[in-house]
Amino acid sequence: MTPPRPYGPFHLLFTAAGAGAAVWLSALLSRPQKSPGLSRLLFLCGLVLAVCEGFKQGFLYFVENNHTYDWWYFPFQLCSVPMYLGLLLPAANSVPRLRSVFTVFIQDYGLLGGIMALLEPSGLMHPYWLMTIHGFLWHFILIFMGLSCAFQTESGKDIRSFLRTIPLFLFCAALATAVNLLSHPYGDADMFYLSLYYPNSQIVFHQIALTLGVGTGNILYLLSMILGGGICHLISKKLYYFQKHHS
């Protein structure tokens, strides 16, 4: 099929419906009488994302790429990390500091990834409807997970909680860069959009990389993601107290 156009009717209507449903459901489940518990909810979301990722990898390998693995789709983008953290959260519950880092990371960077992918959706538009819908649903779930963390817990709203997520973010970025380097002989992996072999493919940062160089562009992109996570942290704090005041 011809992929849908960014900012066309499908993109705008599906985004409005899906993001609206994510906001409504996360707010609904934040009510004590309806909440299944944040850890359980995030773990279930992690399971759903893992099943979706397994389907995606199988579809790409067997249907789209004729039994050839495409390293571009290796599951370790920023938008993949909440899946792993959700699955690991039950094991982290016994370590309160680690649990807080995981939930704040999902709250801030999960929300950032979900919103930014929907605002600039070219990477979601696919020649197959199943893959296109998969991409949109994935980011709706990220928004749901991020807002669930924002609405359901007062902890993790101070700036120190956000600063504690930065080492985890940088660790994930280092792993992503390692995947990019190690897989280069076999394909064009671009985890976290931090490839050292060609300019950043993201809007604005592509031009920065062309002008200042790939390395400088990657550093600025990393810093912008941290800044974006910080902005989402402040938004999450406002949302929590707004929801608490009106509940």
Single-linkage hydrophobic cluster Ile143~Val104, side-chain heavy atoms < 4.5 angstrom:
no
Look at the side chain of Thr153 and the backbone N and O of Cys149, then say whether any donor-acceptor pair between them is shorter than 3.5 Å.
no
Find out whether Cys52 and Val48 are in side-chain contact, i.e. whether some heavy atom of one side chain is under 4.5 Å from a heavy atom of the other.
yes
Determine yes or no for a side-chain-to-main-chain donor-acceptor pair under 3.5 angstrom, with Ser26 supplying the side chain and Val23 the backbone.
yes
Closer than 3.5 angstrom, by distance alone: can the side chain of Tyr240 be matched with the main-chain N or O of Ile235 as a donor-acceptor pair?
no
Quick check for you: to the nearest 0.5 Å, what is the distance between Leu44 atom CG and Ile141 atom CD1?
11.5 Å
Show the nearest heavy-atom pair for residues Gly156 and His233, with the distance to one decimal.
O-CE1, 2.9 Å
Between Tyr69 and Trp71, is the ring centroid distance below 6.0 Å?
yes
What class does the angle between the rings of Tyr109 and Phe105 fall in, given that below 30° is parallel, 30 to 60° is tilted and above 60° is perpendicular?
tilted
To check you understand the geometry: which heavy-atom pair defines the closest contact between Leu60 and His126, and what is its length?
CD2-NE2, 4.1 Å
So CG of Leu88 and CE of Met83: to nearest 0.5 Å the spacing works out to 10.0 Å
Would you say Ser100's side chain and Arg97's backbone share a donor-acceptor pair under 3.5 angstrom?
no
Between Ser195 and Val214 the two heavy atoms that sit nearest each other are O-CG1, 3.4 Å
Quick one: side chains of residues 176-184, donor-acceptor pairs under 3.5 Å with protein atoms, not counting sequence neighbours, listed by atom name and distance.
{"residue": "Thr177", "atom": "OG1", "partner": "Ala173", "partner atom": "O", "Å": "2.9"}
{"residue": "Asn180", "atom": "OD1", "partner": "Asp190", "partner atom": "N", "Å": "3.4"}
{"residue": "Asn180", "atom": "OD1", "partner": "Met191", "partner atom": "N", "Å": "2.7"}
{"residue": "Asn180", "atom": "ND2", "partner": "Ala176", "partner atom": "O", "Å": "3.3"}
{"residue": "Asn180", "atom": "ND2", "partner": "Met191", "partner atom": "O", "Å": "3.2"}
{"residue": "Ser183", "atom": "OG", "partner": "Val179", "partner atom": "O", "Å": "2.6"}

Set of residues satisfying ring pair (Phe, Tyr, Trp, His ring centres under 6.0 Å) with respect to Phe10, sequence neighbours excluded
Phe14, Trp129, Phe136
Got a sec: does the CD1 of Ile203 have more than 12 other heavy atoms crowding it under 6.0 Å?
no
Are Met116 and Tyr7 connected in a single hydrophobic cluster, I mean Ile/Leu/Val/Met/Phe/Trp/Tyr linked by side-chain heavy atoms less than 4.5 Å apart?
no
Could you tell me whether Tyr193 and Phe205 have their ring centroids closer than 6.0 angstrom?
no
Between Tyr221 and Ser224, is any pair of side-chain heavy atoms under 4.5 Å apart?
yes
Applying the 4.5 Å side-chain criterion to the ILVMFWY set and letting contacts propagate, would Leu175 and Tyr186 be lumped into a single cluster?
yes
Describe, in one word, how the ring planes of Tyr84 and Phe76 are oriented to each other, choosing from parallel (under 30°), tilted (30 to 60°) and perpendicular (over 60°).
tilted
Between Arg99 and Ser39, is there a side-chain donor-acceptor contact under 3.5 Å, judged purely by atom types and distance?
yes
Could you state whether Leu130 and Val51 fall into the same hydrophobic cluster, counting links through intermediate Ile, Leu, Val, Met, Phe, Trp or Tyr residues with side-chain heavy atoms under 4.5 angstrom apart?
no
Gln57 side, atom CD; Glu53 side, atom CD - distance, nearest 0.5 Å
4.5 Å
To the nearest 0.5 angstrom, please state how far the CG atom of Leu89 sits from the CG atom of Leu42.
5.5 Å
Test side-chain contact (heavy atoms from CB on, under 4.5 Å) on Met145 and Ser148 and set out the steps.
CA-CA 5 Å; Met145 293 174 74; Ser148 293; 5.7 Å; no
Quick check for you: to the nearest 0.5 Å, what is the distance between Ile133 atom CD1 and Leu124 atom CG?
12.0 Å
Give a yes or no on whether Lys157 atom NZ has more than 12 heavy-atom contacts from other residues, nucleotides or ligands under 6.0 Å away.
yes
Mind checking whether Asn66 and Tyr61 have side chains closer than 4.5 Å, heavy atoms only?
no
Donor-acceptor contact present, side-chain Asn200 to main-chain His206, <3.5 Å
no
Would a 4.5 Å heavy-atom cut-off, applied to side chains only, mark Leu212 and Leu220 as touching?
yes
Can you check whether Gln107 reaches Cys232 side chain to side chain, under 4.5 Å on heavy atoms?
no
Treating Ile, Leu, Val, Met, Phe, Trp and Tyr as nodes and any side-chain heavy-atom pair under 4.5 angstrom as an edge, say whether Leu168 and Leu170 lie in one connected cluster.
yes
Less than 4.5 Å apart, any side-chain heavy atom of Leu49 and any of Leu142?
yes
Smallest heavy-atom separation, Ser30 atom then Phe151 atom, equals CB-CB, 3.6 Å
If you compare all heavy atoms of His11 against all heavy atoms of Leu118, which two are closest, and at what distance to 0.1 Å?
NE2-O, 2.8 Å
With distance as the sole criterion, is a donor-acceptor pair present between the side chains of Thr68 and Asn65 under 3.5 Å?
no
Does Cys79 offer a backbone N or O that forms a donor-acceptor pair with the side chain of Trp138 under 3.5 Å?
yes
On a heavy-atom basis, which atom in Phe192 and which in Cys172 lie closest, and how many Å separate them?
CZ-CB, 3.7 Å
For Thr211 and Thr216: C-alpha separation, side-chain torsions, deciding distance, then whether side-chain contact (heavy atoms from CB on, under 4.5 Å) applies.
CA-CA 9 Å; Thr211 304; Thr216 301; over 6 Å; no
Hey, could you give me the CD1/CG distance between Ile106 and Leu38, rounded to the nearest 0.5 Å?
8.0 Å
Write out all pairs satisfying side chain to side chain donor-acceptor pair (under 3.5 Å) with one or both partners inside residues 112-125, taking only residues at least two apart or from two chains.
Glu120-Ser122
